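Following: one structure in structure tokens, then a few remarks.
Each chain gets a letter, A, B and so on, in the order its sequence line appears, and its residues count up from 1. Not measured: the values here are computed from a predicted model.
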2 protein chains.
Amino acid sequence: MQADKGISSMNQKKKKQLEARARIIKALAHPTRLFIVDELSGGEQCVCELTKMIGDDISTVSKHLSVLKQAGIVEDEKRGLQVWYSLRVPCILNFFGCIESVLEANAKQAREAVGR
Amino acid sequence: MQADKGISSMNQKKKKQLEARARIIKALAHPTRLFIVDELSGGEQCVCELTKMIGDDISTVSKHLSVLKQAGIVEDEKRGLQVWYSLRVPCILNFFGCIESVLEANAKQAREAVGR
DNA sequence: CATATATTTGGTTATTTTGCCAACTATGCA
DNA sequence: TGCATAGTTGGCAAAATAACCAAATATATG
């Protein structure tokens, strides 16, 4: 028994829960995908438009969108030739407030480390 | 000009900001590290105790802690033989509320997809 | 039907991340 | 001083990611 690695003494349920959370957070953990989420906070966008803004190959953008969709962060709808993406769970945005305060704390500490 | 890849038309400042955010989110994007953050929300812990709970090699746990520290999410303090870690920016916890609602939305959709 | 546009998918290579072991550092204590 | 305990660091192999190109799909239109 206990062939698994990590967090091994924990009950299986809590372990699954942590893995599920990590999958979603991982989906957000890329600059391009953060850009997309930020952009979609202003309303839906089609892949072509996002691709123009991002500047990567469209296949790369499409794969980023697929990661976000897979995680349940965005949803898509095909209309004619285009596919439109939108945020599925907008609270994702609050999220950034805290990230920002980590960054501020880091910056503050960096200033203090230099002497001011 | 514009040798960079991705989000290429964006101004440099916004780009840096997205990268900084992604770095922090990436630090959270692992089940073990989520476990640690969750654990530290109840107060500081030493590496030895976290290691017992997690069940990985202590060097593995130490590296996870180092990732979190590097990102500015936790801080450490050596006391005698032990090193105690604590959350540096507790708002990180709010964070999880939204992750949870993504998971719930996913689960709901999965149920509906099955026909109920 | 043939063609053009929008997007996804498959395949490949390069890079990053994980996790373990071994070696090293730091601290406390006999 | 010598030994034990707690943690970090270096090194390595395996696994996961990322980005590009080419090929495949799907839809609209002449």
Side-chain angles (χ1 to χ4, degrees), chain A residues 2-10 15 18-20 22-36 40 44-71 73-86, chain B residues 2-9 15 18-19 22-36 40 44-71 73-86:
Chain A
Q2 191 176 291
D4 293 16
K5 289 160 176 194
I7 318 189
S8 47
S9 60
M10 191 176 313
K15 191 165 164 181
L18 288 171
E19 282 164 2
R23 258 192 302 280
I24 293 178
I25 295 176
K26 200 178 294 190
L28 289 168
H30 188 288
T32 298
R33 296 198 289 268
L34 287 180
F35 173 79
I36 291 171
L40 296 185
E44 60 175 10
Q45 284 287 353
C46 63
V47 181
C48 51
E49 197 55 41
L50 289 168
T51 299
K52 269 181 219 154
M53 292 189 273
I54 293 169
D56 281 346
D57 190 275
I58 189 174
S59 71
T60 300
V61 174
S62 177
K63 277 176 184 169
H64 281 306
L65 285 164
S66 147
V67 169
L68 289 170
K69 181 181 167 187
Q70 186 73 30
I73 295 167
V74 303
E75 53 196 1
D76 62 338
E77 187 190 334
K78 181 149 194 174
R79 293 212 283 278
L81 279 180
Q82 301 178 322
V83 179
W84 292 78
Y85 280 83
S86 54
Chain B
Q2 192 173 291
D4 293 14
K5 288 153 176 200
I7 318 186
S8 48
S9 60
K15 192 166 166 181
L18 288 171
E19 282 163 2
R23 256 192 303 279
I24 292 177
I25 295 176
K26 197 179 295 187
L28 289 168
H30 187 288
T32 299
R33 295 197 290 268
L34 287 180
F35 173 79
I36 290 171
L40 296 186
E44 59 175 9
Q45 284 288 353
C46 62
V47 180
C48 50
E49 198 55 41
L50 290 168
T51 300
K52 270 181 218 153
M53 293 188 273
I54 293 169
D56 282 347
D57 191 276
I58 189 175
S59 70
T60 301
V61 174
S62 177
K63 275 175 185 171
H64 281 306
L65 286 164
S66 145
V67 168
L68 289 170
K69 181 180 166 187
Q70 186 73 30
I73 295 167
V74 303
E75 52 194 1
D76 62 338
E77 185 189 335
K78 181 149 195 175
R79 294 213 282 280
L81 277 181
Q82 303 178 321
V83 178
W84 293 79
Y85 279 84
S86 55

What is the distance, rounded to the nearest whole Å, between atom [atom1] of [X] and atom [atom2] of [N]?
X: Arg23(B); N: dT17(C); atom1: CZ; atom2: P; result: 11 Å
X: His64(A); N: dT7(C); atom1: NE2; atom2: P; result: 16 Å
X: Gln70(A); N: dT17(D); atom1: CD; atom2: P; result: 11 Å
X: Lys69(A); N: dT9(C); atom1: NZ; atom2: P; result: 8 Å
X: Phe35(A); N: dA18(D); atom1: CZ; atom2: P; result: 17 Å
X: Leu34(B); N: dT18(C); atom1: CG; atom2: C1'; result: 15 Å
X: Glu77(A); N: dA6(C); atom1: CD; atom2: P; result: 18 Å
X: Ile25(B); N: dT17(C); atom1: CD1; atom2: C1'; result: 18 Å

Verify the contact: side-chain N or O of Lys26(A) to OP1 or OP2 of dT17(D), cut-off strictly under 4.0 Å; return yes or no.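 Checking dT17(D) against Lys26(A), a side-chain N or O does come within under 4.0 Å of OP1 or OP2.
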Gap separating the CD atom of Glu49(A) from the CD1 atom of Ile54(A), nearest 0.5 angstrom: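 Going from CD on Glu49(A) over to CD1 on Ile54(A), the span is 10.5 Å.
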Ignoring hydrogens and angles, tell me if any N or O in the side chain of [X] forms a donor-acceptor pair with the backbone of [Y] under 3.5 Å.
X: Arg79(A); Y: Trp84(A); value: no
X: Arg33(A); Y: Leu68(A); value: no
X: Thr51(A); Y: Val47(A); value: yes

If I compare all heavy atoms of [X] with all of [Y], which pair ends up nearest, and what's the gap?
X: Ala22(A); Y: Leu34(B); answer: N-CD1, 3.4 Å
X: Leu18(B); Y: Pro31(A); answer: CD1-O, 4.0 Å
X: Thr32(B); Y: Asp56(B); answer: OG1-OD2, 4.3 Å

Provide a list of protein-nucleic acid N or O atom pairs under 3.5 angstrom, restricted to nucleotides 8-12 of chain D.
{"residue": "dT8(D)", "atom": "OP1", "partner": "Tyr85(B)", "partner atom": "OH", "Å": "2.9"}
{"residue": "dT8(D)", "atom": "OP2", "partner": "Ser62(B)", "partner atom": "OG", "Å": "2.5"}
{"residue": "dT8(D)", "atom": "O5'", "partner": "Ser62(B)", "partner atom": "OG", "Å": "3.3"}
{"residue": "dG10(D)", "atom": "O6", "partner": "Lys63(B)", "partner atom": "NZ", "Å": "2.9"}
{"residue": "dG11(D)", "atom": "O6", "partner": "Lys63(B)", "partner atom": "NZ", "Å": "2.6"}

Gln70(B) atom CD: more than 12 heavy-atom contacts under 6.0 Å: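 Not buried by this count: 12 neighbours or fewer within 6.0 Å.
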Any salt bridge (Lys or Arg N to Asp or Glu O under 4.0 Å) involving residues 58-71 of chain B? Give me the pairs, sequence neighbours left out, ordered by first then second residue.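 Of all non-adjacent pairs touching residues 58-71 of chain B, those that pass salt bridge (Lys or Arg N to Asp or Glu O under 4.0 Å) are Lys69(B)-Asp76(B).
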Hey, which sits more toward the 5' end of DNA chain C by its nearest nucleotide, Glu49(A) or His30(B)?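 First, find each residue's nearest nucleotide; the 5'-ward one identifies Glu49(A).
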Report, one pair per line, the protein and nucleotides 23-30 of chain D atoms (nitrogen or oxygen only) whose separation is under 3.5 Å.
none

